[in-house]
Number of protein chains: 2
Amino acid sequence: MDVRQQKPYVIGLDLGGTNSVFGIVDQRGEIKATTAIKTQEYPDVEDYVKASVDALQIIIEQVGGIENIKAMGIGAPNANYYNGTIEKAPNLIWAKDKVVPLAQMFSDKLNIPVAMTNDANAAAIGEMTYGVARGMKNFIMLTLGTGVGSGIVINGQLVYGCDGFAGELGHVTMRRENGRSCGCGRNGCLEAYCSATGVARTAREFLQTRDEPSLLRELDPEKITSLDVSIAAGKGDVLAKSVYDFTGYMLGEACADFAAFSSPEAFIFFGGMAKAGDLIMDPIKKSYNEHVMPIFRDKAQFLISSLDGASAAVLGASAIGWEI
Amino acid sequence: MDVRQQKPYVIGLDLGGTNSVFGIVDQRGEIKATTAIKTQEYPDVEDYVKASVDALQIIIEQVGGIENIKAMGIGAPNANYYNGTIEKAPNLIWAKDKVVPLAQMFSDKLNIPVAMTNDANAAAIGEMTYGVARGMKNFIMLTLGTGVGSGIVINGQLVYGCDGFAGELGHVTMRRENGRSCGCGRNGCLEAYCSATGVARTAREFLQTRDEPSLLRELDPEKITSLDVSIAAGKGDVLAKSVYDFTGYMLGEACADFAAFSSPEAFIFFGGMAKAGDLIMDPIKKSYNEHVMPIFRDKAQFLISSLDGASAAVLGASAIGWEI
């Protein structure tokens, strides 16, 4: 292969507590080959990397060998872009109380450059590389899942901050009085309201404090999930819809503050909640325009990720590989 | 002069509603020559630029002519960096309801590149060029004056956003219920509490709602300024000190949210309020560490601008000239 020619593929690894999903991806975001291992089956990180590389060898051969692969990108919890480490990730069996230099470990085995960042940053880079943010220089990605994550792009660059941990917009304080307790140990964070767990909690609160009938009353309150709320709202359930209004209202308030920071051309939403479409996007936009400084009103676009949910995390991770 | 050699000076213009102050500045931030005109004496912007250039000619000659000058930087209200315009600045007689291409007008007359941004951004660039932020790639400048302005530096670049108006941290919402009305037409903004006007307002509120004796009670409440509060606090006045505690507490809360955004290595404070030193910085730091995500605790420095207050605005403006 001509060394001056760009190698056609990158490897993406979506590293979760349960599964590790690998994909080999081309420049247009097409996944050419994929494989997976169970993260939690390997209590020792050396064994984890070995099992990963063994699984990877098979799909690497499918695309013509490692010579065709430019780099590897990893999206992982508590990943630090600057030094390629995972730092004390409670959900990763081999990184609970440790700092693990995972990027270097993969790089040593595969002999290609490896870079790593957290899932939300990977999603933002994925969107910029393959998705709706192509060509954008300033946007904010908000991932609405179990938690609320964010990836911020300014002047075409991901914002990592002085320590690699910038972009924790799920943990700006939205309610300073009587704020809900958050997993981070503080109160009133955006995540405590607008994550999937937050939405389920809002539904439970509304069921308790309101009298109106609702499909959600047929369920065990403690077991209600954001999916239940979404299904009920889709059927026109008024209480379930008001849960989305409440959630969208707060997301709009938050985005109004984010605009004062970086004035992005778009806010892009990803994750289970974003699938609700207009149900969540309409209240977000309405609340945004109510709360934002007049100078920013009606400027930013509000978009839903265009990456396929099932493969988005692998695509996002792979996109880091092109940036190296 | 050897054209390959860097020209040794830049011009800085601190453009205010009352005065326009010009300085010729070297790379170490030394002001070599200075002059000024009255902004409001020229209702027509053509006349304003002509008077400015006439005044400038004299000091340009003092440093050996325009060949020695690399560029001009302007710090002005409502200035847009991207297109070099001033957009509807209520305090500028010739730009009240207009968009004025001031950078181009100066560039045409002087035959050097001219760039422009708002005062707070200029202060941030000034601090990065000549002050305490030298060598820093990620920091946030907060200017505590009549209003609260901000200049955000990420990856060594000023954040202008998609439209040139990013960095309005004085207008993030700090109190969502019963928030004070703000000059921007909204409620609860940081500026409504932590500007000089906000501090005077806090003092008036405390005088009304508390019984304790205070030196401030000798003054006409409607005429109390932040300077009065500062003087009283300096004398050990308990109520005046508690005004600083209140203000610092909120600034700490705000900085905690800003850390979640861009994880800066430093917050730098500029303006009258910052002169209070530990009186304001101690409560800011305390509140910051109470409110910030554990991962950011004790990481950022809290600094006071090292630029001389009287010439800081001219220095900041001039620093834009080096960036062109």
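So that the names make sense, note that chain A is the first sequence line, chain B the second, and so on, each numbered from 1.
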Next on the checklist: I need the minimum non-hydrogen distance between B:Pro90 and B:Lys96, along with the two atoms involved.
Outcome noted: O-NZ, 3.5 Å
Next on the checklist: Strictly distance-based, threshold 3.5 Å: is any side-chain N or O of A:Glu191 a donor or acceptor partner for the main-chain N or O of A:Val148?
Outcome noted: yes
Checklist entry - Can you check whether A:Val132's main-chain N or O pairs, donor with acceptor, with A:Ser306's side chain at less than 3.5 Å? => result yes
Item to check | Sub-4.5 Å side-chain heavy-atom contact between B:Asn138 and B:Ser262 | outcome: no
Next on the checklist: Which atoms of A:Glu253 are under 4.5 Å from chain B, going by heavy atoms: the side chain, the backbone, both sets, or neither?
Outcome noted: both
Next on the checklist: Only pairs of heavy atoms separated by less than 4.5 Å count here; which of A:Lys299, A:Glu265, A:Arg186 has the most with chain B?
Outcome noted: A:Arg186
Item to check | B:Gln157 versus A:Asn155, side-chain donor and acceptor atoms under 3.5 Å | outcome: yes
Checklist entry - Relative to chain A, which segment of B:Phe258 carries a heavy atom at a distance below 4.5 Å: side chain, backbone, both, or neither? => result both
Checklist entry - What pair of heavy atoms forms the shortest contact from A:Lys88 to A:Asp97, and how long is it? => result CG-C, 3.9 Å
Next on the checklist: I need the contact set between residues 284-292 of chain A and chain B: heavy-atom distance under 4.5 Å, sorted by residue number.
Outcome noted: A:His291, A:Val292
Item to check | Pairwise side-chain contact, B:Thr85 with B:Val100, heavy-atom cut-off 4.5 Å (strictly under) | outcome: no
Checklist entry - Is any side-chain heavy atom of B:Thr129 less than 4.5 Å from a side-chain heavy atom of B:Arg134? => result no
Checklist entry - Taking side chain as C-beta onward, heavy atoms only, is A:Leu251 less than 4.5 Å from A:Leu144? => result yes
Checklist entry - Should the pair B:Phe302 and B:Phe267 be assigned to parallel (<30°), tilted (30 to 60°) or perpendicular (>60°) ring geometry? => result parallel
Checklist entry - So which heavy atom on B:Asn118 is nearest to which on B:Ala120, and how close? => result OD1-N, 3.0 Å
Checklist outcome for this item: Within residues 158-185 of chain B, contacts to chain A at heavy-atom distances under 4.5 Å involve B:Leu158, B:Val159, B:Gly161, B:Cys162, B:Asp163, B:Phe165, B:Ala166, B:Gly167, B:Glu168, B:Leu169, B:His171, B:Val172, B:Thr173, B:Met174, B:Arg175, B:Arg176, B:Cys184
Checklist outcome for this item: Under 4.5 Å to a heavy atom of chain A? For B:Asp257 that would be both
